[in-house]
Structure formats: structure tokens, C-alpha cells
Amino acid sequence: MKTLLKNGTLVLPGRQVGRGDLLIADGRIAAVGTDVPSDGASPVDCTDKLVMPGLVNCHGHTAMTLVRGLGGGLPLQRWLEEAIFPVEAKMTPEDIAAGMTWGAMEMMAGGTTCVADMYDFPQAGAEALSAAGMKGNLNRVGLAFADNVPPGRLDECVAFVRDLKVERIVADLCIHSEYLTNETFCRDLAAANRELKRPVHLHVSETEKEHAECLARHGKTPIAYLADLGLFDYGAYAAHCVWCTDDDFRIMAERGVTLAHNPTSNMKLGSGFARVPRAMELGVNVALGTDGCASNDNLDLFEEMHVASLIQKGLARDPTKLSAWDVIEMATVNGAKALGRSDTGEIAVGKCADLCVVDLQRPHLVPCLDVANLIVNSMHASDVEMTLVDGEIVYEKGQFLKLDAGRAEFDFRCAVRHLGL
Ligand SMILES: [Zn+2]
């Protein structure tokens, strides 16, 4: 199966923009350039279209589409305990699958091709995400309450990595956070990982309180504490990192811990602002995530790019902070790197054809004087016309090509009703 995207504006590695053709063969990018021979490929006219790498959502709880906007306005701890946890306790694998499919539709329609997801019933989630056509890194969430680990949880985390065989889905390890784990669990997980060698997905230093309580408990920041327990020996992607210190950033750079930045969620929950430019200066890989739909309240990475760009400029009172290209790389290649997916996130020969195509003729996208600036400051998820994963069109002009959208909506509405919402 071959496809030729003809005459598009291409977002290329090295912060370059090109004009030309992109040939896809067997799910990979086979050629990029001007007047690429069609070689029997079906052509797609991309005149006045932008062809860019599919976006990588580096931190999400996709099935929280089911609780979109729930508990809005509450402070984080009350939001979790009063609004979110009681509903999550009722969720079944069927609910998770329906919420995941619905979230995958929202993401694919907005140009996202891969998500790092942390939620319950990951097998059901993985199957739903894959069936929709997306890529994802999923995990069994590692949890421990003080001295109490849910029975069998460590084995479940390890077994999920060992046994998962779902197309386009990779299994990683996970702890929820420093405050929902304990030393024994972390040491055991790190020991098991000497064989598995997977990165760990986690939340870190989201709130000032959580960061300060860890310092009081262990005399170390969450990053330093978890690093010392061996949790980052094979890398990690850490959501939030709002209260991380310079020393934390140095540890993250040294251990290959990506900062998964979630600016909308951090602002909505009043947590603060991650010091992204400083983290980058100290060599940390920074990626972008939406977090869950109850703290965002959408899965729109174009909006996330815009917010990420604006807040650093406003905070520093310096328009040179965090360039448009910095932000685009956060939402693409940096996320791919965090998830151990070196074969995606860029338009280059040999990489997976994970792409999105944007209509550049919308009124708010004309004129296209500076492509990077346009992507970050003017583009919306709804401007995406087509999304491809492994060269397969999974979304085109309102249609989801691997899904029955009517059935997905029915299942989703049933799940919302089942949760009593
Ligand atoms: Zn989260």
C-alpha cells in the first residue's frame, strides 16, 4: 500500500519547512522531496495543506473523557476526593474502553497519533486505543498507600509489560506519584525493571504541598527520592514537575527523565507553572501532554502548544522565551523520544508515517508567513483534515476510518449513564 502526499508544505527535522511530496510505503516515509515519482502510489493533493508529524500526547488519562469537566473549580485534593475518585470507583473495563475510544476520536480529529496513558483497566484501554488506530504507551498503575500495597499490584504491573501484545501499543511501568507509593514498592519495581528495562510514567511535584510533604518525609525532593530508589534507571516521563528545583532538573537530564508539561491542567487546578525554559537550559527533554479531561478539559494539543508558549513569555516578560519551534518539538519529536519511539515524531525517510494534514486555507491561517508561529499561535485541532498512523488514514474530514462512530457514541453515552453522571 503506497500513498503520495503531493505538493504540501512540510514540517521537517532541524526546524526546516519544505515544499514538496511525501511518499508513504508499507507504513513508513519512503521519500521526501520535489517531484517524487508516484511509483504506483495513490496521490493525495496537498496544495495549500500543511503536512506535519502526528502530535504525541506525553501525559494523559484518556478515558477521563467520561468525567469531562467534573468538579470544575474545586482545589486539587477536594477535586480528587469529592468529585473524581467516587466516580472512578464505579468504572468497569467496558466504561474505560468506551471512554478511551471517545478520547482517541477527539485526539485523532486533532492530529494526535500517540498518547502516553495512565489509567485503570489498561488491557481494555490498550485494545480500544489500538482498534481506533492510534499508538500508545500504557501501563498498570503502580499504587501503594503508606505501608499498604494493593495485593498483587506489583505482579500486575510487571505482567502487563511482559504479556501485552496489542498492535501499536507499548507497555511501560508506572507509579502514580511519590505520595501514592512507598519505598518497598519502588525498590521492588526498580528491581523488576532490571529485566524489563522500561521507562516509568509518573506524576511528580504537581503541587507545592506534595513537594513540601515529600521533603518533610524523606529529606529529599520527589525526583531525588525516586531517583535514589532506582526508579529512573531506564528513564521516565514525569508529568507536571511544577515545583522541581534546578537540582531536580540536573538529575532528570542525567537519568533521562522527560518533563511531560501539562500547562492547562496546572493552571486549571491552580498548581502553578513548570519552569520549562530553565529545565531545557539544564538539558531536560521536555514534552507536552493534555492530562485528563477533567482538568483540561479537552485533548487538544494545538491549544496546549499555544498555552505553553504564552505562559512562559508572560511569566518572564520576555517574548524570546520558548520559541515556536521549541514548542512544536515538545509536541512531536520530544514526546516520541520520551516514549522510546525513535521511529516517529519527525518527517524523515525511514520513520513511521504518523502524520497530520492541516488545511491552510482557513481564514485564521492566512497568510502563512511563518509556519512555526502559525502552528503554535493560530492553529486549532479542528483545522486538521487528515491523520495517518503507520501510513494508514485513521481520520479524514470528520470520518473515523477504523471505527463505527455511531456505535462509539452509543457506548460512550451508556458508560456516562452507568457512572450516574
Ligand atoms: Zn495526570
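Remember, it's 1-based here, ligands and their atoms both numbered in the order they're listed.
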* Dump the intermediate steps for side chain to side chain contact (heavy atoms under 4.5 Å, CB included) on Met267 and Val307, then the final yes or no. => CA-CA 10 Å; Met267 285 198 285; Val307 170; 3.3 Å; yes
* Asked: Between Thr101 and Ala97, is there a donor-acceptor pair closer than 3.5 Å when you use the side chain of the first and the backbone of the second?
  -> yes
* To do: Inspect the contact between Asp246 and Arg275 and indicate whether a charged nitrogen and a carboxylate oxygen are less than 4.0 angstrom apart.
  => yes
* Sequence-distant partners of Lys197, side chain to side chain donor-acceptor pair (under 3.5 Å), two or more places apart -> none
* **Sphere of radius 2.8 Å around the Zn ion (ligand 1) - protein N, O or S atoms inside** => His59 NE2, His61 NE2, His203 NE2, Asp291 OD1
* What do you reckon, are the aromatic ring centroids of His61 and His59 less than 6.0 Å apart? -> yes
* So, are Asp172 and Arg198 salt-bridged, with charged N and O less than 4.0 Å apart? -> yes
